Colleague: 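Here you go, one structure.
What you are looking at is a predicted structure, and each value in this text was computed from that prediction instead of being measured. So that the names make sense, note that chain A is the first sequence line, chain B the second, and so on, each numbered from 1.
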Protein chains: 2
Amino acid sequence: MAVTIKDVALAAGVSIKTVSNVINDYQYIRADTKQRVMEAIASLGYSPNLSARSLRSGKTGVIGLAVPELSLSYFAELADSIIKAAEERGLKVLIEQTGGDRARELEILASPRLQMTDGLLFSPLGVSNEDAHHLNVNFPLVLLGERIFGGPTDHVTMSNVESARAATAHLISKGRKRIAVVGGHEGEVIGSAGLRLRGYQEALEEAGIPFDHRLVAYTTLWHRSNGATSMREMLESGVEFDAMFGLNDTLALGAMRVLQEAGLRIPDDVAVIGFDDLDEGRYSLPTLSTIDPGRGEIAETAVRVLQERISGHDGPPRELEARFQVVERESSRLPTS
Amino acid sequence: MAVTIKDVALAAGVSIKTVSNVINDYQYIRADTKQRVMEAIASLGYSPNLSARSLRSGKTGVIGLAVPELSLSYFAELADSIIKAAEERGLKVLIEQTGGDRARELEILASPRLQMTDGLLFSPLGVSNEDAHHLNVNFPLVLLGERIFGGPTDHVTMSNVESARAATAHLISKGRKRIAVVGGHEGEVIGSAGLRLRGYQEALEEAGIPFDHRLVAYTTLWHRSNGATSMREMLESGVEFDAMFGLNDTLALGAMRVLQEAGLRIPDDVAVIGFDDLDEGRYSLPTLSTIDPGRGEIAETAVRVLQERISGHDGPPRELEARFQVVERESSRLPTS
DNA sequence: CCGGCGTCCTACAACGTTATAGACTAATTG
DNA sequence: CAATTAGTCTATAACGTTGTAGGACGCCGG
């Protein structure tokens, strides 16, 4: 690793700048000089020192991605898409896990630890709209998710309200009127839970179905266990329902398991739809209807927009929404009524 | 971001080296000088430029992790554990996806692209034991997984053979003798599939049960769909079995779904065990018995060993095996016979 | 009263790269 | 034919940090 541009220059009998020029495809180089330099590079096994390069150029070619946890399937699949999108643009991705903890999230925004990167894709869970001013940072930052709207940065998000409305409408179109919801966050207005719940309510309203608060189960986290526990409680409460909307797939799968344990048939007794289009839902029994929130589009847009900011693009913050789709699978496959 | 150590030095009325000394906790600094420098740092909002630091010191504080795909739950959970382990040691993780493609894996080993890192944790899928010489690289490298054994680098792995033997023995202890296997790789000897299949065979032998090749389903990939397809074919083939060992949880879940569709009861008609201890198996219906391969231990060991190599530790390559555990859940909960 | 040592600090070089400015040739222009 | 221009290359100065070498001061023991 001790071979530097200097050694190459010496071997090829040129100046170091000429070697640098060859590496960076500078146009005015004679073919034979280029050839000689290339050979020297190859024979010495030279490769540029990226630290030096980034010191000089101020760019690292690395972007940061801060997510709650990779063990949550949604974020794992998001990270997958983002790494792929970044790769297409010649960027590497450094991943940071926040655990969804507000303090830790703020620390990441404030701290210079991730200086090894040119910018950050930030998917918060703990911070809320009141923390929006913390997003005023002096590095390129693109916000993901639905915790903060109208902040000072570019924001890529899914159409939460609309797509949740579509999910609910889908169940209604199957003739269901008592639609349970699993995964609400008490008092939340902004955030995935709040927005999706709003979509749910809007769909009910459109259909003239009264909202029944007993049909909404609140959870703190969105793990499988929370879906299971909520559904268990709801069954015990004795409230009647003929459909369920899981605010994400993981919750829906956890809840579905409890429904089945209780001997209820899906979709006949309870039609179910989730949200996220996780791979898992494709092979559960029954397969899970869901909302495809456009993860690929989100990833590509986010990386593109971040790269624009990194290369100096100025302008007001943009709000970008990905297109969604209702995916009907077995858990809600019923004749339309 | 334009504030450098120089500005701080100027503001505090000291030399730049003194500022550097303060930052690096050099012992011989008067308390009041330190104080003054700290104040200057705070008031200017200075933070060290990591590119410059790593140019000077030769260390980046970042390690690379190359895995097939984060959308495979096992690798997502592995990455999660590794990021946490790295964080405890003050390291950041840059993730690279290989897609399990041999050419791409070799490219990552050869290419200098990940020079932004001090070392690499490499979990291959495409390369095989014959490619072991490609692991002779001039940067710290720790191998994960079971594709290559006896290579020139440190290697952290799970006890594949032993734990697969234990999984099989577990089914046998429940009185099952016709144990199907899903996920074999035709002709493979080394690699997760090959080793686990060996463990399976060893357990049969120990119990005096003859090996029946019709009970082994081969797949290329280890996705849910492969498990489903294999099981469908096995059912169609008419071969009889009373238990199934999925060479990983994902396969087991896919296969379990098909068993249930076919009206078979788990564990009564077919007892099932998987491998990996994914979160999903905790909430499937029924919950999935599995092998906990010691992911946390693998992650911690791998990061520790890599860090040792980075800081110059010399010595022969080490083979390190994590401890495993059989996790009994509903899919195999039967009276022991 | 002097040499030596511990403490605190500074000046400057170095890490490996790219940017700037300019030197030199050969070709083209007015 | 002088003056420009295009093409090719080089010397040197940055980028922001840490390492090396050493200077200045005060205190101690002899």
Colleague: If I take atom OG from residue A/Ser54 and atom CG from residue B/Asn49, how far apart are they, to the nearest 0.5 angstrom?
Modeller: 7.5 Å
Colleague: B/Ile29 near the nucleic acid: base, sugar-phosphate alone, or nothing, with a heavy-atom cut-off under 4.0 Å?
Modeller: sugar-phosphate
Colleague: With a 4.0 Å limit, can you tell me whether A/Ser15 has a side-chain N or O closer than that to the phosphate oxygens OP1/OP2 of D/dT10?
Modeller: yes
Colleague: Between A/Ile16 and B/Asn21, which is nearer to the 5' end of DNA chain C once each is assigned its nearest nucleotide?
Modeller: B/Asn21
Colleague: Look at B/Thr33 and C/dC9 and indicate whether a side-chain polar atom (N or O) is within less than 4.0 Å of OP1 or OP2.
Modeller: yes
Colleague: Answer with yes or no whether B/Lys17 presents, from its side chain, a donor or acceptor under 3.5 Å of a partner atom in the base of C/dA11.
Modeller: no
Colleague: Are OP1 or OP2 of C/dC9 and a side-chain N or O of B/Arg30 less than 4.0 angstrom apart?
Modeller: yes
Colleague: Rounded to whole angstrom units, what separation is found between the CG atom of B/Leu50 and the P atom of D/dC15?
Modeller: 18 Å
Colleague: Using a cut-off of less than 4.0 Å, is there contact between a side-chain N or O of A/Tyr26 and OP1 or OP2 of C/dT20?
Modeller: no
Colleague: Would you call B/Glu308 and B/Arg304 a salt bridge, taking side-chain N to carboxylate O under 4.0 Å as the test?
Modeller: yes
Colleague: For A/Thr18 and A/Ser15, which I'm curious about, is there any donor-acceptor pair between the side chains at under 3.5 Å?
Modeller: yes
Colleague: For a quick test of reading the model: is some side-chain N or O of B/Arg56 closer than 4.0 Å to OP1 or OP2 of C/dA14?
Modeller: no
Colleague: Base, sugar-phosphate, or nothing: which does A/Thr18 touch, judged by heavy atoms less than 4.0 Å apart?
Modeller: base
Colleague: So does B/Ser20 get a side-chain nitrogen or oxygen closer than 4.0 Å to the phosphate oxygens (OP1/OP2) of D/dT18?
Modeller: yes
Colleague: Any chance the side chains of A/Glu146 and A/Thr157 put a donor and an acceptor closer than 3.5 Å?
Modeller: yes
Colleague: Any donor-acceptor pair under 3.5 Å linking the side-chain atoms of B/Ser71 with those of A/Glu77?
Modeller: no
Colleague: Could you tell me whether B/Ser54 contacts a base, only the sugar-phosphate backbone, or nothing, with contacts defined as non-hydrogen atoms closer than 4.0 Å?
Modeller: nothing
Colleague: Looking across every strand, which nucleic acid part, if any, lies under 4.0 Å from B/Ser51 by heavy atom: base, sugar-phosphate, or nothing?
Modeller: nothing
Colleague: Hey, does the side chain of B/Tyr28 come within less than 4.0 Å of C/dT10's phosphate (OP1/OP2), counting only N and O?
Modeller: no
